[in-house]
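Note sheet for the following structure.
All residue numbers refer to positions in the sequence shown, counting from 1.
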Amino acid sequence: PLLRLLSPVNVSPTLPYDDSEDLNELEVNGNWTPQEKALHEARLKAKAKRRLRKSSSRDSTRESLSDSVSGEPSTDPHSPKAKAAVNDRKSRTGKGRGLPKKGGAGGKGVWGAAGMVYEVEELDADDPNYDESGDTVYATVVPELDERELEKTIHPIVQEYFEHGDTKEVQMLLKELNLGHHKFEFSSRAVSLSLEGKASHRELTSRLLSDLSGKVLSESDMSRAFDKMLKELPDLILDTPEAPQMLGQFIARAIADHAIPMSFLDCYKGKVDCDHARAALDRASVLLSMKREIMRLDNVWGVGGGQRPVKHLIKEMNLLLKEYLVSGELSEAEHCLRDLEVPHFHHELVYEAVVMVLESTGDTALQMMVKLLKVFWQTGLITLDQMNRGFQRVYDELPEISLDVPHAHSIMETFVDLCFQEQVITKQLRDSCPTRGRKRFVSEGDGGLVKS
């Protein structure tokens with residue numbers, strides 16, 4: 001019986017068991033024994049399992065099983081449909097619902113499912129950024145400025161400050177910079193720029209040093225800055241001959257504002273060889289030795305420009321004109337007017353000059369004032385608007401002036417004509433000059449003729 005069981009295999013080794021049509025014919029003929037049928041079924045189950053592993057979906061698995069049972073031809077594993085099924089991310093066990101693995105949260109470059117909340121990650125002691133305190137602080141590092149970049153950065157800051165005068169803005173800009181050990185350079189460069197400027201610039205610089213002291217700059221930084229300035233005085237004198245006196249005033253003002261200690265001057269006693277540095281220190285010592293009631297160092301640079309009282313400006317302009325009539329120096333008068341820094345108030349100078357001509361005796365004052373106004377007009381120091389406003393003020397007050405000066409109208413006409421000839425005033429301004437009306441009358445000895 002054993003030989004009979006194996007005889008179909010041995011007799012027909014080339015039997016195409018995989019051919020379903022031949023198998024059906026054998027089953028129809030009824031030549032299979034029960035043992036042969038059991039072996040055949042085992043082979044079919046093994047084949048079905050192999051197809052199940054190659055399948056990528058439940059439907060393909062069912063089709064494979066049905067094909068195997070019914071005898072229909074199977075799908076080619078190398079077909080595009082089979083390749084798409086292999087690359088599918090659905091479960092291949094045949095037991096799932098066809099959903100992606102891990103709910104779509106798996107795979108390369110995937111951080112997790114949508115809405116997933118991660119727990120706080122514990123600090124790693126081996127991390128290079130690990131901090132023992134538990135709080136890692138990240139800060140922006142600003143590189144330190146070198147000498148070249150320092151000059152390019154400080155110069156526009158100081159020039160803009162001279163325009164707006166806001167010390168808080170300068171303080172904010174300096175805090176954003178990393179000056180490093182060059183902090184004292186800001187004070188020295190600011191003082192150097194103010195020496196070449198106006199008195200109002202020096203006043204603003206003193207205020208700036210006072211406001212920055214203790215906030216951005218320390219007393220040692222201020223002391224180093226002035227020490228450097230004392231050593232550079234021989235070079236500063238080439239551009240500013242009055243640099244020693246000005247630097248002395250800066251030092252005195254800084255000591256009065258508590259920007260540098262009082263012992264700053266004591267450190268230089270008997271140790272200074274430079275004559276210019278000695279003159280600056282002596283100037284500072286003299287100013288500090290005066291009583292506060294007599295000389296207030298807050299006004300060591302004077303009150304700048306429009307901040308001065310009007311009475312003070314009128315007094316300064318009167319003094320300027322009187323000194324000019326005595327000396328006759330046009331350059332000195334021009335320099336004094338520029339130092340007042342009140343271009344909006346130059347009409348007062350024109351008014352005072354015309355009134356001084358009306359109240360003077362002789363033609364000397366008249367000629368000198370015409371010459372002075374001509375120079376101011378040609379240099380652009382007095383504008384057309386200021387010139388017209390000054391003359392118009394005199395025109396409006398001429399009736400009152402003529403009460404004290406009876407010949408004011410005739411002098412005014414002469415002065416206006418001369419100014420027009422020198423092209424100081426316009427023709428319209430000359431024509432608007434008021435004239436005193438003359439009454440026509442008939443005299444008894446004229447024979448009834450009207451005087452012309």
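- Note that CZ of R202 is 14.0 Å distant from CZ of R207, once rounded to the nearest 0.5 Å.
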**OP:** Let me see the working for S218 and D221 under side-chain hydrogen bond (donor to acceptor under 3.5 Å, both in side chains), right down to the final yes or no.
**Re:** CA-CA 5 Å; S218 60; D221 295 332; 3.1 Å; yes
Donor-acceptor list for residues 366-380 side chains, cut-off 3.5 Å, not counting sequence neighbours:
from : atom 1 : to   : atom 2 : distance (Å)
K374 : NZ     : E422 : OE1    : 2.9
W377 : NE1    : Q423 : O      : 3.4
T379 : OG1    : V375 : O      : 2.9
T379 : OG1    : F376 : O      : 3.3

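- Using a 4.0 Å cut-off between charged side-chain N and carboxylate O, R253 and E203 make a salt bridge.
- For the atom pair SG (C274) and CG (L281), the distance works out to 9.5 Å, reported to the nearest 0.5 Å.
- Look at K269 and D266 and you find a salt bridge, because one of the NZ, NE, NH1 or NH2 atoms lies within 4.0 Å of a carboxylate O, short of that distance.
- A distance-only check finds a donor-acceptor pair linking the side chain of S402 to the backbone of P399 [under 3.5 Å].
- A salt bridge does not link D282 with R278: none of the charged nitrogens is closer than 4.0 Å to a carboxylate oxygen.
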Subject >> Derivation of the side-chain hydrogen bond (donor to acceptor under 3.5 Å, both in side chains) call for E397 and Y351 >> reply: CA-CA 10 Å; E397 299 180 8; Y351 171 81; 2.4 Å; yes
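- Remark: D211 does not engage K215 in a salt bridge, criterion side-chain N to carboxylate O under 4.0 Å.
- By the side-chain hydrogen bond (donor to acceptor under 3.5 Å, both in side chains) test, R283 is found to be paired with Q249, residues two or more places apart in sequence or in another chain being considered.
- In this structure, L236 and L247 have side chains that are not in contact, with every pair of non-hydrogen atoms separated by 4.5 Å or more.
- In this structure, F226 and F264 have perpendicular ring planes: the angle between them is above 60°, well past the 30° mark.
- Screening residues 226-235 for side chain to side chain donor-acceptor pair (under 3.5 Å), with sequence neighbours left out, gives E185-K228, D227-K231, D227-Y268.
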